[in-house]
Amino acid sequence: MDEVRYEFGFEDRFDRVLTIDPRTLEADVDDGEFNSAAGAITVKIVKAWRASGEFPATMMYAS
């Protein structure tokens, strides 16, 4: 697996893409703006991966 990708955004408009490299856990976003929302969802996804050994198919996060 080269990378995992998640669409994310606000409400029902998932207009951004987060990409995580499973080998390094390095994360990046398609628009280049790695802000607090991108950081928060990355942490949540990585915690789920560490707990189960697999990247989740979906993830919900609300602040």
Side-chain angles (χ1 to χ4, degrees):
M1 173 184 331
D2 291 337
E3 64 185 18
V4 291
R5 296 170 57 91
Y6 294 90
E7 292 180 355
F8 73 106
F10 296 102
E11 300 291 326
D12 61 348
R13 194 175 121 205
F14 300 125
D15 57 351
R16 300 180 71 200
V17 176
L18 171 74
T19 304
I20 301 174
D21 181 331
R23 296 172 303 243
T24 64
L25 299 181
E26 183 176 321
D28 197 12
V29 289
D30 61 337
D31 62 7
E33 186 180 336
F34 197 90
N35 58 12
S36 61
I41 195 67
T42 300
V43 167
K44 185 112 171 145
I45 291 167
V46 169
K47 282 184 180 182
W49 170 75
R50 286 184 172 147
S52 71
E54 296 181 14
F55 283 94
T58 61
M59 179 62 61
M60 294 293 292
Y61 176 80
S63 60

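Atom set for the values below is all heavy atoms of this structure, side chains included, hydrogens, waters and symmetry mates excluded.
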Output side-chain donor-acceptor pairs under 3.5 Å for residues 34-47, partner residues at least two apart or in another chain, one line each.
unit_1	atom_1	unit_2	atom_2	d
Asn35	OD1	Arg16	NH1	3.3
Asn35	OD1	Ala37	N	3.3
Asn35	OD1	Ala38	N	3.1
Thr42	OG1	Ala38	O	2.7

query = Looking only at heavy atoms, which two atoms of Met59 and Pro56 are closest? And how far apart?
reply =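 The answer is CE-CG, 3.6 Å.
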
key: Nearest heavy-atom neighbours spanning Gly9 and Asp15   =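 It is CA-OD1, 4.1 Å.
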
Within the structure provided, determine whether [X] and [Y] are in side-chain contact (heavy-atom separation under 4.5 Å).
{"X": "Glu26", "Y": "Thr19", "answer": "no"}
{"X": "Asp21", "Y": "Glu3", "answer": "no"}
{"X": "Trp49", "Y": "Ile20", "answer": "no"}

